[in-house]
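This report refers to the structure that appears directly beneath it.
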Amino acid sequence: PGVYLFYNNNELLYVGKASAKSSMGARLSTYFQYNHTDKSCRIVEHTDWRPWSKAPKYVVTIAVPEDFSFEAPALEEYLIATLKPPDNRNAR
């Protein structure tokens, strides 16, 4: 469990969380996939939604201990309220 932040260069775009029910890797794989051919990471193209206004270039992850997985939602809310990323609409 933990929190992830998507950046485009120096601009914070989005803050999200991986809950106790899914690992950080599983959560991020909904946004990105590893390309074995050219050993690169690609953005998963969603036809019905796109969580950010610009393509992210960097991902920062903040893990919380499994015993304290309940802290991930609180940390996410705090970071959204404090940093006000533009792509977190309605404080989600």
Side-chain angles (χ1 to χ4, degrees):
V3 175
Y4 52 89
L5 299 91
F6 292 146
Y7 284 87
N8 178 290
N9 295 323
N10 293 330
E11 178 186 5
L12 175 63
L13 300 174
Y14 184 80
V15 175
K17 72 174 177 312
S19 67
K21 295 178 183 177
S22 68
S23 68
M24 185 72 73
R27 183 68 182 116
L28 291 175
S29 71
T30 64
Y31 299 114
F32 307 100
Q33 288 182 334
Y34 181 71
N35 184 327
H36 294 280
T37 305
D38 64 3
K39 300 189 184 316
S40 66
C41 186
R42 303 272 188 220
I43 295 173
V44 174
E45 293 296 327
H46 296 281
T47 56
D48 56 342
W49 63 275
R50 189 171 176 187
W52 46 73
S53 57
K54 300 175 187 172
K57 294 188 178 190
Y58 306 101
V59 178
V60 175
T61 60
I62 304 169
V64 298
E66 283 192 38
D67 293 347
F68 294 95
S69 61
F70 59 89
E71 293 289 352
L75 179 58
E76 178 197 32
E77 283 186 38
Y78 172 78
L79 291 173
I80 291 170
T82 304
L83 302 175
K84 298 177 181 22
D87 292 338
N88 284 95
R89 296 179 189 96
N90 301 323
R92 294 186 289 140

task: Find out whether F6 and K57 are in side-chain contact, i.e. whether some heavy atom of one side chain is under 4.5 Å from a heavy atom of the other.
output: no
| Greater than 12 external heavy atoms within 6.0 Å of F70's CZ | yes
Check your understanding: Is atom CG of N10 surrounded by more than 12 heavy atoms (other residues, nucleotides or ligands) closer than 6.0 Å?
Key -> no
Decide whether V15 and Y78 are clustered together by the hydrophobic rule: side chain heavy atoms of Ile, Leu, Val, Met, Phe, Trp, Tyr closer than 4.5 Å, transitively.
yes
Distance col, row N8:CG vs Y58:OH, nearest 0.5 angstrom, shows 9.0 Å
- Taking the inter-plane angle between the rings of Y14 and Y4 on a 0 to 90° scale, is it parallel (under 30°), tilted (30 to 60°) or perpendicular (over 60°)? tilted
**Item:** Working for side chain to side chain contact (heavy atoms under 4.5 Å, CB included), residues R42 and Y34
**Value:** CA-CA 6 Å; R42 303 272 188 220; Y34 181 71; over 6 Å; no
| message | Between D87 (side chain only) and S53 (backbone N and O only), is there a donor and an acceptor less than 3.5 Å apart? | response | yes
Tightest non-hydrogen contact, residues R27 and A18, listed as CB-CB, 3.9 Å
**Message:** So for atom CZ, which belongs to F32, do other residues, nucleotides or ligands contribute more than 12 heavy atoms lying within a distance under 6.0 Å?
**Reply:** yes
Those residues at least two apart in sequence (or on a different chain) that pass side chain to side chain donor-acceptor pair (under 3.5 Å) with Y7 are none
Heavy-atom nearest pair, P1 first then P65, reads CG-O, 4.4 Å
CD of Q33 to OG of S40, rounded to nearest 0.5 Å, is 11.0 Å
Does a side-chain heavy-atom distance below 4.5 Å link L79 with L12? no
So, do I62 and L5 sit near enough that their side-chain heavy atoms are less than 4.5 Å apart? yes
Quick note, salt bridge (Lys or Arg N to Asp or Glu O under 4.0 Å) partners involving residues 10-20, not counting sequence neighbours, are E11-K54, K17-E76
On a heavy-atom basis, the closest approach of V3 and A72 is CG2-O, 3.7 Å
Minimal heavy-atom distance between S69 and P73, with the atoms involved, is O-CD, 3.7 Å
